[in-house]
Amino acid sequence: HNNINPQMALDAPLDNGYDEMTSIPWKSALGWMKTTLELVPDPTNIKDMVHIPISKRSRGSTYEEKIASVKLSSKRKTRYEDNVIKKRKTKEEDQAFYEHMTKQGGSAV
């Protein structure tokens, strides 16, 4: 069967002592697929490409695109500026952070 319904495989009973939480050997899985679903995998009949080459994968927006979108939207620009202000630290806070991290060690200091 080329057009098997995935739900059919999920609903088919596992009558060989396995439950749906158990990993089973591939040989047992092939036997179950053949007897229960009348399905035999055929590598020459693969229709869906599993691997997508990196050059074909979708990409996120670039830094330049993100900056342009912030500039276009006053709401996003305001939100960005508010977040930058929230993240600013005083010199004392910076110093306390670095002192704490130096005491932690691990930086080959």
Side-chain angles (χ1 to χ4, degrees):
H1 296 273
N2 287 338
N3 297 323
I4 189 164
N5 178 352
Q7 191 60 44
M8 183 179 158
L10 292 173
D11 294 340
L14 293 170
D15 55 358
N16 51 6
Y18 298 111
D19 62 32
E20 53 277 338
M21 298 305 291
T22 304
S23 294
I24 64 173
W26 181 241
K27 187 173 184 177
S28 298
L30 288 174
W32 176 82
M33 289 168 51
K34 185 174 184 179
T35 57
T36 307
L37 303 174
E38 298 175 5
L39 178 67
V40 178
D42 180 9
T44 62
N45 195 23
I46 295 175
K47 293 186 174 127
D48 295 329
M49 190 167 93
V50 176
H51 174 74
I52 300 171
I54 288 178
S55 61
K56 304 285 188 215
R57 296 178 192 176
S58 61
R59 299 179 203 116
S61 45
T62 65
Y63 177 75
E64 290 80 11
E65 290 169 335
K66 289 180 180 183
I67 296 299
S69 71
V70 167
K71 288 180 180 177
L72 290 175
S73 168
S74 62
K75 183 178 180 181
R76 289 186 72 195
K77 185 175 182 179
T78 302
R79 196 169 57 208
Y80 170 78
E81 289 169 350
D82 289 346
N83 284 334
V84 167
I85 291 168
K86 284 181 202 173
K87 292 178 184 178
R88 285 191 185 138
K89 303 292 181 199
T90 65
K91 287 184 180 183
E92 292 80 16
E93 288 172 314
D94 276 346
Q95 186 62 34
F97 171 79
Y98 288 113
E99 285 175 9
H100 173 72
M101 295 308 284
T102 303
K103 290 176 187 173
Q104 298 273 317
S107 62
V109 175

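What's counted below: heavy atoms across the whole structure, side chains too, no hydrogens, waters or symmetry copies.
- Atom CZ of Arg57 is surrounded by more than 12 heavy atoms from other residues, nucleotides or ligands within 6.0 Å.
- Between Arg76 and Ser69 the shortest heavy-atom distance is NH1-OG, 2.9 Å.
- Separation of atoms CG (Leu72) and CD1 (Ile67) is listed at 11.5 Å; rounding is to 0.5 Å.
- Using a 4.5 Å heavy-atom threshold, the side chains of Asp82 and Arg79 count as separate.
- Between atom CD of residue Glu99 and atom CD of residue Gln104 there is a gap of 13.0 Å, rounded to the nearest 0.5 Å.
- Residue Ile85 qualifies as enclosed at atom CD1: its count of foreign heavy atoms under 6.0 Å is above 12.
- The minimum heavy-atom distance between Glu93 and Arg88, with the atom names listed, is OE1-O, 4.4 Å.
- Under the 4.5 Å side-chain contact rule for hydrophobic residues, Val84 and Val70 share a cluster.
- In this structure, the side chain of Glu81 does not engage the main chain of Thr78 through any donor-acceptor pair within 3.5 Å.
- Counting only heavy atoms from C-beta outward, the side chains of Lys91 and Asp94 never approach each other to under 4.5 Å.
- Tyr80 OH to Lys66 NZ: the interatomic distance, rounded to the nearest 0.5 Å, is 12.0 Å.
- In this structure, Lys34 NZ and Leu37 CG are separated by 13.0 Å, a value rounded to the nearest 0.5 Å.
- Rounding to the nearest 0.5 Å places OG1 of Thr102 at 9.5 Å from OH of Tyr98.
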